[in-house]
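One-based numbering along the sequence shown. As the structure is a computational prediction, the values presented were derived from the model and not from experiment.
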Amino acid sequence: MSQSVLEQLIDMGFQKERAELAVKKSDGMPDAMDWLEKTQDTPLEELLEEEASGANIAKVDDGTVAMSLVCNECGKKFRTQGEAEFHANKSGHTDFAESTEEIAPLTAEEKKKRLEELRERVKAKKDGQAAVDKEEQKRNEKIRQKATRESHELKEELQRKEQIKEAAKKRQEKLDDLEAKRIIKARIEADKEERRRKAEEAKAAREGRAIPAAAPAAPAPAPAAARPAATHNEARLRLQTTGGNIMKTLPADTTLFEVKQLLESENGLTVTKFVQNFPRKVFEGHLDLGKTLKEAGLVPSAALIVQ
């Protein structure tokens with residue numbers, strides 16, 4: 001019987017050493033399952049130490065056959081020493097004695113019912129653990145999705161800044177190219193004027209006329225001074241909503257996303273995008289809403305439709 005119970009416990013996934021202790025400390029499958037359930041959170045090493053120490057069991061008088069064991073601390077009776085040791089582990093009681101009183105064994109129907117109850121408890125525990133694992137998996141998935149989303153938004157922000165930097169570089173290269181062409185054209189005009197003057201002097205000398213006085217050479221045009229860009233530190237916004245117009249004066253480095261949050265928190269609006277009629281522009285999505293008012297061309301003032 002014990003070997004069959006041990007094999008069943010191992011097949012059910014219990015550790016061999018723990019299953020062997022359960023068989024030793026119980027009388028049949030129901031008791032073994034009950035013992036395993038009660039001691040599931042107790043380390044195996046601690047169970048082995050308790051097994052080595054054992055409970056203090058007083059013997060009956062010589063010549064008398066012991067039919068059961070009794071706990072002197074609570075009065076509970078046990079059919080086997082394994083049951084008494086299980087009770088000692090569970091309750092902490094250590095004072096036991098042999099008894100001549102025989103305990104009626106469980107009937108087959110009682111054993112079957114108890115085994116079914118224990119199996120239901122084990123199944124319920126496994127189902128509960130599966131639910132906990134599922135919730136933990138959901139939390140981990142949310143954390144992963146959030147990290148992925150933040151990484152994607154950061155990547156988009158870096159790309160946007162890189163695009164702005166590249167656009168500024170191209171604008172400067174275009175301005176430098178125009179200035180170089182202007183200087184070359186001025187030099188060509190100056191060379192043409194010098195050749196014309198020399199031709200006039202040569203003609204006057206051949207004809208015996210006085211050499212005409214040379215007109216003062218026009219100074220080479222100085223490079224056009226770069227026109228200082230107007231600096232605006234604030235933007236005056238007229239925000240058209242379904243409830244009327246809202247006037248806001250904000251720093252030029254405020255992002256459209258911050259304007260969106262401001263309207264949602266202060267005015268209770270749900271904002272998905274901003275629309276500018278002149279010139280026609282639509283600002284929506286992470287890329288557009290990440291722009292500052294200055295980058296979006298809304299400085300020093302602008303009118304936006306809030307949608």
S.K.: With the threshold set at 4.0 Å, does a side-chain nitrogen-carboxylate oxygen contact exist between Lys113 and Glu116?
M.R.: no
S.K.: Hey, is the main chain of Thr292 close enough, under 3.5 Å, to the side chain of Glu295 for a donor-acceptor pair?
M.R.: yes
S.K.: Rounded to the nearest 0.5 Å, how far apart are NZ of Lys134 and CZ of Arg139?
M.R.: 13.5 Å
S.K.: Quick one: which residue pairs count as a salt bridge (Lys or Arg N to Asp or Glu O under 4.0 Å) with a foot in residues 240-266, not counting sequence neighbours?
M.R.: Lys248-Glu266, Lys260-Glu264
S.K.: Please write out which residues are connected to Leu178 in a hydrophobic cluster, directly or through intermediates, given that two of Ile, Leu, Val, Met, Phe, Trp, Tyr count as joined at side-chain heavy-atom separations below 4.5 angstrom.
M.R.: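 Via sub-4.5 Å side-chain contacts, Leu178 links to none.
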S.K.: Look up atom OG1 in Thr94 and atom NE2 in His87, then write down how far apart they are to the nearest 0.5 Å.
M.R.: 10.0 Å
S.K.: Can you give each donor-acceptor pair under 3.5 Å made by side-chain atoms of residues 12-19, sequence neighbours left out, with the distance rounded to 0.1 Å?
M.R.:
unit_1	atom_1	unit_2	atom_2	d
Arg18	NH1	Thr39	O	2.9
Arg18	NH1	Thr42	O	3.2
Arg18	NH2	Thr42	O	3.0

S.K.: In the hydrophobic clustering that connects Ile, Leu, Val, Met, Phe, Trp and Tyr at side-chain heavy-atom distances below 4.5 Å, which members other than Phe283 occupy its cluster, ordered by chain and number?
M.R.: Leu237, Leu239, Ile246, Leu250, Leu256, Phe257, Val259, Leu262, Leu263, Leu269, Val271, Phe274, Leu289, Leu293, Leu298, Val299, Leu304, Val306
S.K.: Taking the side chain as every heavy atom from C-beta outward, state whether Lys76 and Ser91 have any atom pair closer than 4.5 Å.
M.R.: no
S.K.: Going by side chain to side chain donor-acceptor pair (under 3.5 Å), name the residues that satisfy it together with Glu162, two or more places apart in sequence or in a different chain.
M.R.: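 None.
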S.K.: Looking at Gln276 and Ala303, what are the two nearest heavy atoms and their distance?
M.R.: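 Taking Gln276 first and Ala303 second, the nearest heavy atoms are CG-O, 3.8 Å.
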S.K.: Glu157: which residues meet the side chain to side chain donor-acceptor pair (under 3.5 Å) condition with it, sequence neighbours left out?
M.R.: Arg160
S.K.: For the CD atom on Glu141, are there more than 12 heavy atoms of other groups (residues, nucleotides or ligands in this structure) within a distance under 6.0 Å?
M.R.: yes
S.K.: With rounding to the nearest 0.5 angstrom, report the CD1 to CD1 distance, Ile183 to Ile188.
M.R.: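 Between Ile183 CD1 and Ile188 CD1, I get 12.5 Å after rounding to 0.5 Å.
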S.K.: Mind checking side chain to side chain donor-acceptor pair (under 3.5 Å) for Gln129 and listing every partner two or more places apart, or none if nothing turns up?
M.R.: Asp133
S.K.: Checking side chain to side chain donor-acceptor pair (under 3.5 Å) against Arg197, which of Glu194, Glu193, Glu200 comes through?
M.R.: Glu194
S.K.: For residues 269-282, pull every pair meeting salt bridge (Lys or Arg N to Asp or Glu O under 4.0 Å), keeping only residues two or more places apart or in separate chains.
M.R.: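 Qualifying pairs, neighbours excluded: none.
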S.K.: Charged N to carboxylate O below 4.0 Å: is that the case for Lys181 and Asp177?
M.R.: yes
S.K.: Between the side chain of Thr255 and the main-chain N/O of Gly290, is any donor-acceptor distance below 3.5 Å?
M.R.: no
S.K.: Salt bridge between Glu201 and Lys198, side-chain N to carboxylate O under 4.0 Å?
M.R.: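 Looking at Lys198 together with Glu201, the answer is no, because their closest N to O distance does not fall below 4.0 Å.
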S.K.: Starting from Met247 and following side-chain heavy-atom contacts under 4.5 Å between hydrophobic residues (I, L, V, M, F, W, Y), which residues can be reached?
M.R.: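 ILVMFWY cluster around Met247 holds nothing else.
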S.K.: I need the minimum non-hydrogen distance between Asn245 and Arg238, along with the two atoms involved.
M.R.: ND2-NH1, 3.8 Å
S.K.: With side chains defined as the heavy atoms from C-beta onward, is the minimum distance between Lys174 and Arg171 less than 4.5 Å?
M.R.: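 They are not in side-chain contact.
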S.K.: Take Gln159 and Gln163 through the side chain to side chain donor-acceptor pair (under 3.5 Å) test and state the conclusion after the steps.
M.R.: CA-CA 6 Å; Gln159 288 177 345; Gln163 288 172 353; 5.6 Å; no
S.K.: Taking side chain to side chain donor-acceptor pair (under 3.5 Å) as the definition, give me every residue that meets it alongside Asp127, ordered by chain and number, with sequence neighbours left out.
M.R.: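 Asp127 satisfies side chain to side chain donor-acceptor pair (under 3.5 Å) with Lys123 only.
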S.K.: Spell out, yes or no, whether Trp35 and Ile10 are grouped together once hydrophobic residues are joined by side-chain heavy atoms under 4.5 Å, including indirect joins.
M.R.: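 Both belong to a single hydrophobic cluster.
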S.K.: Once rounded to the nearest 0.5 Å, what's the spacing between atom CD of Glu189 and atom CG of Asp191?
M.R.: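 It is 9.5 Å, given to the nearest 0.5 Å.
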S.K.: List, by chain and number, the other hydrophobic cluster members for Ile305, where Ile, Leu, Val, Met, Phe, Trp and Tyr join if side-chain heavy atoms come within less than 4.5 Å, directly or indirectly.
M.R.: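 Cluster partners of Ile305: Val275, Val282.
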S.K.: Within the structure provided, determine whether Glu20 and Leu9 are in side-chain contact (heavy-atom separation under 4.5 Å).
M.R.: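 Glu20 vs Leu9: side chains apart.
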S.K.: Is Lys170 paired with Glu173 through a side-chain N to carboxylate O contact shorter than 4.0 Å?
M.R.: no
S.K.: Between side-chain atoms of residues 146-154 and protein atoms elsewhere (two or more places apart, or another chain), which donor-acceptor pairs fall under 3.5 Å?
M.R.:
unit_1	atom_1	unit_2	atom_2	d
Thr148	OG1	Arg144	O	2.9
His152	NE2	Glu156	OE2	3.0

